[in-house]
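What follows is a single structure, written as structure tokens, with notes after it.
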Amino acid sequence: MSEAHPYRSRNAQGVMDTCGSLRAADVGRTVTISGWVNRRRDHGGLIFLDLRDHYGITQAVIEPDEAAFAETDKCRNEWVVTITGPVVARSTETKNKDLPTGDVEIRIASLKVQSQAQELPLPVFGDLDYPEDVRLKYRFLDLRRERLHKNIMLRSNIIRSLRQRMFDQGFTEFQTPILTASSPEGARDFLVPSRRYPGQFYALPQAPQQFKQLIQVAGFDRYFQIAPCFRDEDGRADRSPGEFYQLDVEMSFVTQDDVFAMAEPVLQGVFEEFAGDRKVDKGPYPRIAYDEALLKYGSDKPDLRNPILISDVSDVFARDDVEFKAFKNKTVRAIPGPGAGPQPRSFFDKLNEWARGEGAAGLGYVILEDENGTITGKGPIAKFIPAPALAELTKRCGVKAGDALFFSADAKEERAAKIAGLARTRLGQELKLIEEGTFRFCWVVDYPMYEWNEDEKMIDFSHNPFSMPQYDREKFLGFSSADKDEILKLKVFQYDIVCNGYEMLSGAIRNRDPEVMIKAFQIAGHPAEETEEKFGGMLNAFRYGAPPHGGLAIGLERVVMLLAGEENIREVTMFPLTQQGQDLLMGAPSDVLPKQLKELHLRVVMPEAK
RNA sequence: GGGGGCGUAGCUCAGUUGGUUAGAGUGACGGCCUGUCACGCCGUAGGUCGCGGGUUCGAGCCCCGUCGCUCCCGCCA
């Protein structure tokens, strides 16, 4: 016979007893469980301890004449203790139906204090909000609290589910290097100085992009990885500074449709598994061309829960019978405000003020009313829009009496579209039109390959330079700077999945043609030698038999955020950095010893004080 | 790099028009209480009002600067 376990007993089936495991069936057993004192209630003689561990909460009780009373009396919140005693049934009136263990309690026969706790800088009990810096400095306490504890467990379960779904589709997981080479495109790199090669640096990968493509060239076919990615860029509520994880995927001999067919069930499945009572859109997801997304939703991240659709009405305001000068020769986008007609004047003034804050000249509007069966317009600019033009507007935008129609106008099309998109979101929120408790997905496809950089008067890559253009190869190789207009119209096989306005997934069919890649970079102003030097490893691989391939990456934290119902990425990250990129718990970044700098052949030059 | 918000007891917050000794709840500590589960009751301690400077007879409050956290813009192939 083995001796009793010092911290946790087991039942007859060999199952470990925890603070969450005891039920009516355990009544009569003597058990040992360990955990934190969640709450202590002292009734004079009678003391209750709620003991908490990862698995749940169990009430323990002791009376004054018992041997362990003095030791129990000393216990305070968040001390770690081990208790041993019989499991007893609670009387009907004293059962706690809010706890799974609420039918029973443990009578404390002995209690051992494993660890005491000082006065807490952050109470574990209760669900108050605390300042971010305190929460981060004492993350280990915050993680004991139900909200974070649940979120982190959800994250782990989502990762397990994603892995299983990938294995089920015949994918293999491989690890790619963390210490790698700096890549000049994209985000700022995190650099790691080399000890053996003075003046040279490793870089942490911004993504395993080139490696996963090399894995395809190496013939492994369906690859995936829960991959850490490092980018030295500033944070946002939905974007960690420094590091994040993605489900990174690549596969060979596939078309864009093959990738879609693989990705949809994975996302769909994981959302259905963890959505609870929230609704999950059924695939196949609608495919929205990039240009269409910008027009109808004013964003390349359309939130389909919002029913408002934007229309282009530039031509209506260009008509001779419409005399509103402020909109002439501009891109004008119309944003319907369903049911906004009865809103008070202040509603419209507030929106106008908000639009100015976003950098627009304003947000014009007409309120649509029914006058003897005809729709008429009211409001400051209504008098400039004669009846036939108004009829055209209402028809095109699908608005009716009782609605309002808002206008975003700008000489620059992108600005008009962007403000319209922001107004669409804002109106959806203000008018409470955004469907709740639903996950709505869509693909955004046919991204432009290039965009015009007005400041530097040159052509830039608009997104990923490694995507395959949708093109005629010979014509592409023959492009010159005279073909600017045609070049700017080129689309690529690149695609995103957007869920409720968040970018969830991003991918592409890759460009595996060295000649085309060098030409593509030439068009963006990078000479062939430079491309050869920067991407030599991958280009060279493409010269020795590269399969057609494509893939994607799913932002893990975004998926967890949405499923956890959180709006901040730190709530789903175990040990996050602050928005300023500091680790308040471990104290990173930090100074290092002069000896370490010397080994690395580094000298620090502090920025000059102002 | 730029803009907004916040910073008062261990924690969450209140603090009037610039005016006596800066308050409450919670936690801590002590006392009372045998069925609570946010237990209840009584008491005690606990403050560089983020920091520095200024205006004023007098500053938690007004002004300037600075630091920290946060949200946004830039940035994020």
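Proteins get letters first, then strands, A, B, ... in listed order; numbering begins at 1 in each.
Rounded to whole Å, the separation between the P atoms of B/U70 and B/U8 comes to 16 Å. Nucleotides B/G74 and B/A28 are separated by 47 Å at their C1' atoms, to the nearest Å. Comparing B/G30 with B/A45, their C1' atoms are spaced 10 Å from each other, to the whole Å. Straight-line distance between the C1' atoms of B/U26 and B/C71: roughly 29 Å, to the nearest whole Å. A distance of about 11 Å separates the C1' atoms of B/C49 and B/A59, rounded to the whole Å. Look at the P atom in both B/G23 and B/G47: the space between them is 14 Å, to the nearest Å. Rounded to whole Å, the P atom of B/A14 lies 7 Å from the corresponding atom of B/G7. The gap from the P atom of B/A22 to that of B/C39 amounts to 32 Å, rounded to the nearest Å.
Results of the ring pair (Phe, Tyr, Trp, His ring centres under 6.0 Å) test with A/Y450 over A/F461, A/F521, A/Y471 single out A/F461 as the only residue that passes.
Across every non-hydrogen atom of A/R512 and A/M468, the tightest pair is N-CE, 4.3 Å. Pairing each heavy atom of A/H463 with each of A/D300, the nearest pair is NE2-OD2, 4.4 Å. When all heavy atoms are compared, the tightest approach of A/E250 to A/G551 is OE1-CA, 3.2 Å.
Looking at heavy-atom distances under 4.0 Å, A/T578 makes contact with sugar-phosphate atoms alone, never a base. Among the atoms of the strands shown, none is found under 4.0 Å from any heavy atom of A/K97. A/Q209 comes within 4.0 angstrom of a nucleotide base, judged by non-hydrogen atoms across all strands. Using a 4.0 Å heavy-atom criterion, one finds that A/R145 contacts no nucleic acid atom at all. Looking at heavy-atom distances under 4.0 Å, A/E503 makes no contact with the nucleic acid at all.
At a cut-off of 3.5 Å, with distance as the only test, no side-chain donor of A/D303 or A/Y297 sits close to an acceptor on the other residue.
The distance between atom NZ of A/K418 and atom C1' of B/C72, rounded to the nearest whole Å, is 11 Å. Atom pair A/D42:CG and B/U36:P shows a separation of 15 Å (rounding to whole Å applied). Rounded to an integer number of Å, the gap from OH of A/Y138 to P of B/G27 is 20 Å. If you measure from atom CG of A/N77 to atom C1' of B/A38, you get 12 Å, rounded to the nearest angstrom. Between A/E566 atom CD and B/C71 atom C1' the separation is 16 Å, expressed in whole Å. Taking atom CG on A/L22 and atom P on B/C37, their separation rounds to 22 Å, with Å as the unit. One interatomic measurement links the two molecules: CG of A/L122 to P of B/A28, which rounds to 14 Å at whole-angstrom precision. To the nearest angstrom, C1' of B/G35 lies 9 Å from CD of A/E63.
Side-chain atoms of A/N352 come within 3.5 Å of backbone N or O of A/L363 as a donor-acceptor pair. Under a 3.5 Å cut-off, the side chain of A/E233 and the backbone N or O of A/R188 do form a donor-acceptor pair.
Dashed line: the shortest gap from a side-chain N or O of A/R76 to OP1 or OP2 of B/C29 is under 4.0 Å. Distances shorter than 4.0 Å separate none of the side-chain N or O atoms of A/Q580 from OP1 or OP2 on B/G68.
The nucleotide whose nearest atom lies closest to any side-chain atom of A/R39 is, among B/C11, B/A38, B/C71, B/A38. With B/C37, B/C69, B/U34 as the choices, the nucleotide that has an atom nearest any side-chain atom of A/R41 turns out to be B/C37. Here B/G1 is the nucleotide among B/G1, B/C69, B/A77 with the atom lying nearest to any side-chain atom of A/D234. For A/E132, counting side-chain heavy atoms from C-beta on, the closest listed nucleotide (B/U70, B/A77, B/A28) is B/U70. Nearest nucleotide to the A/P64 side chain, out of B/U34, B/G35, B/C69: B/U34. Comparing B/U70, B/A28, B/U12 by their nearest atom to the side chain of A/P131 picks out B/U12. Comparing B/C71, B/C76, B/C37 against the side chain of A/N96 picks out B/C37 as the nearest. The nucleotide whose nearest atom lies closest to any side-chain atom of A/R236 is, among B/C69, B/G35, B/G74, B/G74. Comparing B/G35, B/C11, B/U70 by their nearest atom to the side chain of A/Y130 picks out B/C11. Nearest to the side-chain atoms of A/R570 among the listed nucleotides B/C37, B/C75, B/U70 stands B/U70.
A stacking contact links A/H43 to B/C39: the aromatic ring centre lies within less than 5.5 Å of the base's six-membered ring centre, and the planes differ by less than 30°.
No more than 12 heavy atoms of other residues, nucleotides or ligands lie within 6.0 Å of NZ in A/K137, so this atom counts as exposed by the packing criterion.
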Given Watson-Crick and G-U pairs under 3.5 Å, RNA chain B in dot-bracket ([ ] crossing, | other strand) is (((((((..((((.....[...)))).(((((.......))))).....(((((..]....))))))))))))....
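Ranked by how close their nearest RNA chain B nucleotide is to the 5' end, A/N568 and A/P123 are led by A/P123. Taking the nucleotide of RNA chain B with the nearest heavy atom to each of A/R188 and A/L577, the more 5' of the two is matched to A/L577.
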Under the criterion side chain to side chain contact (heavy atoms under 4.5 Å, CB included), I'd like the reasoning laid out for A/F230 against A/D189: C-alpha separation, chi angles, the key distance, then a yes or no. CA-CA 7 Å; A/F230 305 91; A/D189 280 320; over 6 Å; no
Would A/D234 and A/Q579 count as a side chain to side chain donor-acceptor pair (under 3.5 Å) here? Give the steps. CA-CA 7 Å; A/D234 292 342; A/Q579 195 181 41; over 6 Å; no
